[in-house]
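These notes concern the structure reproduced below.
Please read these numbers as outputs of a predicted model, since none were measured by experiment.
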Amino acid sequence: MTTKVDLKDQHSEREMDNDLLADALVRLSTIAKHLNISSHTLQALSQPLCTLTSYISIRKDNGESAYFKAYRCRYNSLLGPTKGGIRFHPSVDQSEVEALALWMTLKCAAVNVPFGGAKGGISVNAKSLSALELERLSRSYVRAMADFIGPQTDIPAPDMYTNERVMGWMMDEYETIKRVKAPDVITGKPLVFGGSVGRTGATGTGAFLCIEALAKKRNWQKHKQTVAVQGFGNGGAQCALLLQKAGYKVVAVSDSKGAIYSPEGLDILSILYEKQKSRQLKAVYCENSVCELVSHKVLTNEELLALDVDILIPAAVAGVITEANAGLVKAGTIVEIANGPVSAAADSILHEKGVFVIPDILANAGGVIVSYFEWCQNRQGELWSEEQVTTKLSDYIHKAFEQGWQRHVSTNIDMRDAIYAQALERLTLAIEAHGTHDYFNAN
Ligand code: NAD
């Protein structure tokens, strides 16, 4: 059945420029038009199932109260309990959370993980809070959301500016409220609370595995491939580290303050060390605990995106490559570790330029895949070895990449469209398994 539902029209009243959900729906609608996607599927994805918003408060260290807007969206549960991270960032709003939850729905479907999609967040500058205030905020979030999340309904995880410690506080608060042990309510938690080995590095590792899969297809000589990474956080730093170890030349990395660039290649392990020690990005070379500054240029994040490199990895925030700057991109390959770093309007510009994009719903899926493994271990009372986790992660990523690649090659569509098709087909199967209008009419 061909598409009759126009998601663009349904959301035409939205302000497109800063509305991430509207942008996500435009892309979905555009891709669905190229593919033969059932109108039932598009209808099911046109709105979130439900979004809970709350105005939560904490007592600050100085005794004053502080208030924050908090969100949790369960976008779609066709394939299983909903799953998605919680982010602490000033840009968090309902539209961003809902777009991220839609992408989680597509991501789980694309890589064949039996979860629906969700996302949560608090509009806050986490860097402005003390550790104790951060703990109070994390617990306050769970008090607001405790009846909305749950091991068989909706399972949170970390995202930007949240980490395993935050997940540990959240799990503890949930267990206190519910008076049960429930490690399976949250993933990405500390190992000692039932976290999985390999979860912290899973997102960067998944992206690295995608690049390696592409390298094989293209017969790349790795030492000739230059890489720039925007966002030296959990996902970006791990991927940069693995790429350098595998022989690629990582020439630029950045954080929210700016980028560093050295055409000779950067030493990622030393930069990680320096970042942890001084909270700054500097091109250094360290031996034991002695570090030496090496020659490098300081760039802006915008300049990093326009560098003449082979592989560009946006691993920070959404919407950094838009209609306005897509023409400046010189990289031949973009690997989206961030969610939604390329706007829908930029897709066609990159296509025209022949840029190959490994889309976010595949490139950053390592995190949710290992989160799924963590949830399985918690529910079975098992602890898997690092080897088990790594082998299984690699299987999931390779299978999803290969299916997408075969479709990309055989039908001559972009890799993003191919991966979306994979996800939408799986969601369509779930809808059909429930029985469609046509099925009931035939009876
Ligand atoms: P993180 O908080 O560990 O790191 C984010 C990094 O981006 C930091 O280095 C920060 O300084 C930098 N940054 C922030 N704003 C920036 C800006 N405007 N320009 C350049 N750099 C900026 O976050 P993370 O967990 O690595 O997540 C990064 C991205 O990857 C997000 O879009 C997130 O949704 C996505 N992602 C993460 C996971 C995961 O498991 N961590 C999974 C899937 C997707």
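For E402, the CD atom is densely surrounded, since the number of other residues' heavy atoms within 6.0 Å is greater than 12. Counted within 6.0 Å of CG on N412, heavy atoms from surrounding residues, nucleotides or ligands total 12 or fewer; the atom is thus considered open. Other residues, nucleotides and ligands contribute more than 12 heavy atoms inside 6.0 Å of the NZ atom of K178. The number of heavy-atom neighbours closer than 6.0 Å to NZ of K217, taken from other residues, nucleotides and ligands shown, is above 12. Other residues, nucleotides and ligands contribute more than 12 heavy atoms inside 6.0 Å of the NZ atom of K353. Other residues, nucleotides and ligands contribute over 12 non-hydrogen atoms within 6.0 Å of the CD atom of Q380. Shown here is R426, whose CZ atom has more than 12 heavy atoms of other residues, nucleotides or ligands within 6.0 Å. Crowding of K399 atom NZ: a count of heavy atoms from other residues, nucleotides or ligands under 6.0 Å not exceeding 12.
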C376 and R379: CA distance, side-chain angles, deciding distance, side-chain contact (heavy atoms from CB on, under 4.5 Å) verdict: CA-CA 5 Å; C376 290; R379 292 188 72 77; over 6 Å; no
Verdict with supporting geometry, C50 and C73, disulfide (SG to SG under 2.5 Å): CA-CA 6 Å; C50 41; C73 168; over 6 Å; no
ring-ring contact (aromatic ring centres under 6.0 Å, His included) between Y396 and F373, intermediate numbers included: CA-CA 11 Å; Y396 271 76; F373 299 163; 5.6 Å; yes
Audit row: I337, D360, side-chain contact (heavy atoms from CB on, under 4.5 Å) steps and yes/no: CA-CA 6 Å; I337 289 186; D360 47 6; over 6 Å; no
side-chain hydrogen bond (donor to acceptor under 3.5 Å, both in side chains) evaluation trace for T203 with N364: CA-CA 5 Å; T203 301; N364 70 26; over 6 Å; no
Intermediate values then yes/no, side-chain hydrogen bond (donor to acceptor under 3.5 Å, both in side chains), E382 and W384: CA-CA 6 Å; E382 287 185 6; W384 298 357; 2.9 Å; yes
Stepwise ring-ring contact (aromatic ring centres under 6.0 Å, His included) test for F115 and Y372: CA-CA 8 Å; F115 284 140; Y372 165 54; 5.6 Å; yes
Candidate pair L106 and L427, rule side-chain contact (heavy atoms from CB on, under 4.5 Å), full reasoning: CA-CA 8 Å; L106 296 168; L427 287 159; 4.1 Å; yes
Steps toward side-chain contact (heavy atoms from CB on, under 4.5 Å) verdict (S385, V197): CA-CA 7 Å; S385 68; V197 288; over 6 Å; no
Pair T205-Q238, side-chain hydrogen bond (donor to acceptor under 3.5 Å, both in side chains): steps then yes or no: CA-CA 7 Å; T205 305; Q238 168 74 3; 3.1 Å; yes
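Side-chain atoms of D93 come within 3.5 Å of backbone N or O of E96 as a donor-acceptor pair. At least one donor-acceptor pair closer than 3.5 Å links the side chain of H398 to the backbone N or O of S394. No donor-acceptor pair closer than 3.5 Å links the side chain of R72 to the backbone N or O of V97. Side-chain N or O atoms of E292 include none that pairs as donor or acceptor with a backbone N or O of Y285 at under 3.5 Å. In terms of modelled atom types and a separation under 3.5 Å, the side chain of T226 and the main chain of D310 share a donor-acceptor contact. Side chain of Q280 to backbone of E274: no donor-acceptor contact under 3.5 angstrom is found. Side chain of Q230 to main chain of V253: no donor-acceptor pair is present (N/O by atom type, distance under 3.5 Å, no hydrogens or angles). In terms of modelled atom types and a separation under 3.5 Å, the side chain of H296 and the main chain of V294 share a donor-acceptor contact. Although no hydrogens or angles enter the test, the distance criterion places no donor-acceptor pair under 3.5 Å between the side chain of S371 and the main chain of G188. Checking side-chain atoms of K119 against main-chain N and O of E98 turns up no donor-acceptor pair under 3.5 Å.
With no hydrogens or angles considered, a side-chain donor-acceptor pair links T187 and K83 at under 3.5 Å. K224 and Q221 form a side-chain donor-acceptor contact under 3.5 Å, judged by distance and modelled atom types alone. No side-chain N or O of Q377 forms a donor-acceptor pair with one of W375 less than 3.5 Å apart. Side-chain polar atoms of N234 and N163 form no donor-acceptor pair below 3.5 angstrom. A donor atom on one side chain and an acceptor atom on the other are found under 3.5 Å apart for D414 and H351. S130 and D61 share a donor-acceptor pair across their side chains, judged by distance under 3.5 Å alone. A donor and an acceptor atom, one from each side chain of D23 and S343, are nowhere located under 3.5 Å apart.
To the nearest 0.5 angstrom, Y55 atom OH is 10.5 Å from S123 atom OG. How far CD1 of I321 is from CG of L312: 5.0 Å, rounded to the nearest 0.5 Å. Taken to the nearest 0.5 Å, the CZ atom of F88 stands 6.0 Å off from the CG atom of L134. If you take CG on N339 and CD1 on I361, they are separated by 10.0 Å, rounding to the nearest 0.5 Å. In this structure, K249 NZ and S262 OG are separated by 8.5 Å, a value rounded to the nearest 0.5 Å. Expressed to the nearest 0.5 Å, how far OG1 of T51 lies from OH of Y71 amounts to 10.5 Å.
Between I56 and A70 the shortest heavy-atom distance is CD1-CB, 3.9 Å. The two atoms that bring V284 and C291 nearest to each other are CB-CB, 4.5 Å, heavy atoms only.
Under a cutoff of 6.0 Å and an axis angle of 45°, R218 and F356 form a cation-pi pair.
Contact of the R165 side chain with the K189 side chain is not registered, since no non-hydrogen atoms from C-beta on lie closer than 4.5 Å. Two residues are said to be in side-chain contact when any heavy atoms from C-beta on lie closer than 4.5 Å; F232 and L272 meet this criterion. For the pair D347 and V342, the minimum side-chain heavy-atom distance is below 4.5 Å. At least one side-chain heavy atom of M167 sits under 4.5 Å from a side-chain heavy atom of P158. A 4.5 Å side-chain heavy-atom check between M415 and P359 finds at least one atom pair inside the cut-off. Looking at heavy atoms from C-beta onward, K107 lies out of side-chain contact with V113 at the 4.5 angstrom threshold. Contact annotation: the side chain of L21 approaches that of Y75 to within less than 4.5 Å [non-hydrogen atoms, C-beta and beyond]. Inter-residue side-chain proximity for R143 and E173 is flagged as met; some heavy-atom pair is nearer than 4.5 Å.
Comment: E212 does not engage K216 in a salt bridge, judged by the lack of any side-chain N to carboxylate O separation of less than 4.0 angstrom. At a threshold of 4.0 Å, the pair K392-E387 does not count as salt-bridged, since none of the basic side-chain nitrogens sits closer than that to a carboxylate oxygen. Here E336 pairs with R416 in a salt bridge; the nearest charged N to carboxylate O distance falls below 4.0 Å. Taking a cutoff of 4.0 Å between a charged side-chain nitrogen and a carboxylate oxygen, D308 and K330 do not qualify as a salt bridge.
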